[in-house]
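Read the structure below first, then the notes.
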Amino acid sequence: MKKHNTLILCSLISLLLLACGESQDKSSAKAIENPVDTYLDSRVSAMDMAKESVKESNKQVEKQNKAMEALTK
């Protein structure tokens with residue numbers, strides 16, 4: 001019985017030391033970022049890039065149309 005008490009006491013002490021030991025800082029100001037803002041920013045960026053892509057595509061189609069008209073004349 002004395003061995004069991006010693007074992008339990010040692011286990012409790014070691015768990016207490018582990019629990020009260022030095023802990024890492026998980027809550028830093030830079031680590032916390034609002035995911036909604038990040039998501040919305042990425043969606044806005046994607047929409048802007050899509051608009052630019054459409055503008056470039058339209059310019060290329062206009063050039064092709066002009067080239068086709070010049071070729072058919």
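These numbers come from a predicted model, not from an experiment.
For the atom pair NZ (Lys3) and CG (Asn5), the distance works out to 12.5 Å, reported to the nearest 0.5 Å. Lys59 NZ to Lys55 NZ: the interatomic distance, rounded to the nearest 0.5 Å, is 8.0 Å. Considering CG of Asn58 and OG of Ser53, their distance stands at 9.5 Å, rounded to 0.5 Å. The structure places CD of Gln64 at 11.0 Å from CD of Glu62, a figure rounded to the nearest 0.5 Å. Summarising the geometry, atom CG belonging to Leu40 is positioned 7.5 Å from atom OG belonging to Ser42; distances are rounded to the nearest 0.5 Å.
Other residues sharing a hydrophobic cluster with Ile8 under the 4.5 Å side-chain heavy-atom criterion for ILVMFWY residues are Leu12.
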